[in-house]
Colleague: 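First the structure, then my questions, so here it is.
All values below come from the heavy atoms of this structure, side chains included, with hydrogens, waters and symmetry mates left out. Please read all numbers here as calculations on a predicted model, not as lab measurements.
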Amino acid sequence: MTHKLVISSIVDITHDVRQFTFEKPEGFSFQPGQAAEVGIDKDGWRDAGHPFTFTSLPAWDDLQFTIKIYPGHDGLTEQIGKLSEGDSFVVGEAWGTIEYKGKGTFIAGGAGVTPFIAILRMLADRGEMAGHRLIFANKTEADIILREEFEAMEGLEIVHVLSKEDKDGFEHGRIDKDLLRKHIDDFDQQFYVCGPDEMVESINDALKELGADPEGLVFEE
């Protein structure tokens with residue numbers, strides 16, 4: 001079943017990431033970390049079927065997506081970047097394999113952080129953030145999604161990694177075995193990994209080499 005959802009709000013989160021909010025249809029349900037297949041209510045784009053993760057919480061009255069816009073690409077996100085309040089998304093039912101399974105470390109590359117937004121908001125609301133860590137890789141400081149919100153989550157340890165800027169207070173380069181070893185002293189925990197496919201594969205391999213249990217790796221397969 002699909003739902004036509006009218007955009008009630010659009011907020012710029014970074015220079016190329018926008019937050020889209022909609023009234024939640026009656027009976028619509030999802031779990032933090034889940035996504036839905038999305039199109040937009042325009043000819044040629046209703047069945048686009050691109051997955052986006054809900055960044056709202058299930059108890060909220062609204063649904064929310066936080067989406068990186070690629071204006072130079074001839075695709076759905078370019079079209080989404082042209083939408084205004086009052087336009088509509090076409091949204092399917094919730095699905096996904098990223099779900100919270102216990103205390104651990106979240107490792108994200110760029111917009112790959114979106115499946116973790118609702119999970120971290122859930123933990124913050126419950127007062128259960130202590131002992132969790134976010135290792136977040138971006139190209140530049142300006143690319144960091146929801147930085148202020150994450151840094152305000154009491155108990156969340158955050159490691160920012162920038163690949164194209166070398167700045168005080170940030171790791172520089174990429175998330176590799178050495179960086180993981182530097183910031184993690186216990187690999188007997190859950191690891192949640194999301195980002196470009198090559199990054200996810202590389203990080204999962206590094207985590208297993210460092211002693212992480214393959215059954216403790218949570219990622220979109």
Side-chain angles (χ1 to χ4, degrees), residues 11-14 17 19 30-35 52-60 64-68 96-163 165 167-196 199-200 203-204 206-207 210-213 216-220:
V11 177
D12 287 332
I13 300 299
T14 71
V17 174
Q19 176 183 284
F30 67 97
Q31 294 300 314
Q34 286 191 314
F52 292 113
T53 308
F54 298 103
T55 52
S56 47
L57 290 179
W60 291 8
Q64 182 190 95
F65 294 111
T66 303
I67 298 174
K68 184 170 183 178
T97 57
I98 292 183
E99 61 178 298
Y100 182 68
K101 295 184 177 181
K103 192 171 293 185
T105 295
F106 297 85
I107 305 173
V113 79
T114 53
F116 304 151
I117 293 172
I119 294 174
L120 292 171
R121 286 174 168 171
M122 174 188 73
L123 293 170
D125 276 3
R126 292 178 178 176
E128 298 175 357
M129 187 61 76
H132 293 85
R133 177 188 295 108
L134 172 64
I135 302 178
F136 193 8
N138 286 278
K139 292 179 181 177
T140 71
E141 186 177 2
D143 294 316
I144 300 174
I145 296 169
L146 295 179
R147 178 182 177 183
E148 291 184 359
E149 181 176 349
F150 290 142
E151 292 181 352
M153 290 180 175
E154 187 174 353
L156 178 64
E157 177 189 338
I158 302 177
V159 179
H160 288 298
V161 185
L162 304 180
S163 61
E165 292 178 340
K167 293 185 169 184
D168 290 342
F170 299 85
E171 290 285 1
H172 175 61
R174 299 187 181 278
I175 301 175
D176 57 15
K177 191 191 297 187
D178 289 339
L179 187 142
L180 293 169
R181 188 188 289 114
K182 176 179 177 181
H183 291 281
I184 301 169
D185 55 16
D186 175 16
F187 287 88
D188 184 20
Q189 60 176 289
Q190 295 289 148
F191 290 95
Y192 305 85
V193 186
C194 191
M199 173 188 169
V200 172
I203 290 172
N204 283 346
L207 288 169
L210 289 165
D213 182 353
L217 302 181
V218 179
F219 57 97
E220 201 71 71

Colleague: If you compare all heavy atoms of F30 against all heavy atoms of L57, which two are closest, and at what distance to 0.1 Å?
Modeller: CZ-C, 3.7 Å
Colleague: Are side-chain heavy atoms of I98 and I119 found at a separation under 4.5 Å?
Modeller: yes
Colleague: Show the nearest heavy-atom pair for residues F116 and I107, with the distance to one decimal.
Modeller: CE1-O, 3.5 Å
Colleague: If we only count heavy atoms from C-beta on, is the F150 to L120 side-chain gap below 4.5 Å?
Modeller: yes
Colleague: Does a donor on one side chain and an acceptor on the other come within less than 3.5 Å for H183 and E157?
Modeller: no
Colleague: Crowded around K167 NZ? As in, over 12 foreign heavy atoms under 6.0 Å?
Modeller: yes
Colleague: Would you call R147 and E141 a side-chain contact if the rule is heavy atoms closer than 4.5 Å?
Modeller: yes
Colleague: Can you see which heavy atom on G112 is nearest to which on P115, and at what distance?
Modeller: O-CD, 3.1 Å
Colleague: Please round to the nearest 0.5 Å and tell me the distance separating atom CG of L207 and atom CG of L180.
Modeller: 5.5 Å
Colleague: When you look at CG of D188, are more than 12 heavy atoms from neighbouring residues, nucleotides or ligands closer to it than 6.0 Å?
Modeller: no
Colleague: Any donor-acceptor pair under 3.5 Å linking the side chain of Y192 with the backbone of L134?
Modeller: no
Colleague: Between the main-chain N or O of H160 and the side-chain N or O of E171, is there a donor-acceptor pair closer than 3.5 Å?
Modeller: no
Colleague: Kindly determine whether T114 and F52 satisfy side chain to side chain contact (heavy atoms under 4.5 Å, CB included), including the steps that lead there.
Modeller: CA-CA 8 Å; T114 53; F52 292 113; over 6 Å; no
Colleague: I'd like to check I175 versus V159 (side-chain heavy atoms, cut-off strictly below 4.5 Å). Are they in contact?
Modeller: no
Colleague: Side-chain contact, heavy-atom cut-off 4.5 Å: L146 with T55?
Modeller: no
Colleague: What's the spacing between L156 CG and R133 CZ if we round to 0.5 Å?
Modeller: 9.5 Å
Colleague: Strictly distance-based, threshold 3.5 Å: is any side-chain N or O of R181 a donor or acceptor partner for the main-chain N or O of L210?
Modeller: no
Colleague: So Y100 and H132, would you call those rings parallel, tilted or perpendicular, with 30° and 60° as cut-offs?
Modeller: tilted
Colleague: Donor-acceptor pair, distance only, cut-off 3.5 Å: does the side chain of Q19 make one with the backbone of I13?
Modeller: no
Colleague: For the residue pair L179 and I135, establish whether any side-chain heavy-atom pair is separated by less than 4.5 Å.
Modeller: yes
Colleague: Could you pull out the closest heavy-atom pair between A212 and F191, with the gap in Å?
Modeller: CB-CE1, 3.9 Å
Colleague: At their closest point, which heavy atom of T66 faces which heavy atom of V17, and how far apart are they?
Modeller: CG2-CG1, 3.6 Å
Colleague: Looking at every heavy atom in both A111 and K68, which two are closest together, and how far apart are they?
Modeller: CB-CB, 4.1 Å
Colleague: Is there a side-chain contact between R121 and M153 in this structure, where contact means two heavy atoms from C-beta onward sitting under 4.5 Å apart?
Modeller: yes
Colleague: Could you give the distance from CE (M122) to CD (Q31), rounded to the nearest 0.5 Å?
Modeller: 8.5 Å
Colleague: Rounded to the nearest 0.5 Å, how far apart are CE of M199 and CG of N204?
Modeller: 10.0 Å
Colleague: Is a donor on one side and an acceptor on the other found under 3.5 Å between the side chain of E220 and the backbone of T97?
Modeller: yes
Colleague: Mind checking the NZ-CG spacing from K139 to L162? Nearest 0.5 Å is all I need.
Modeller: 12.5 Å
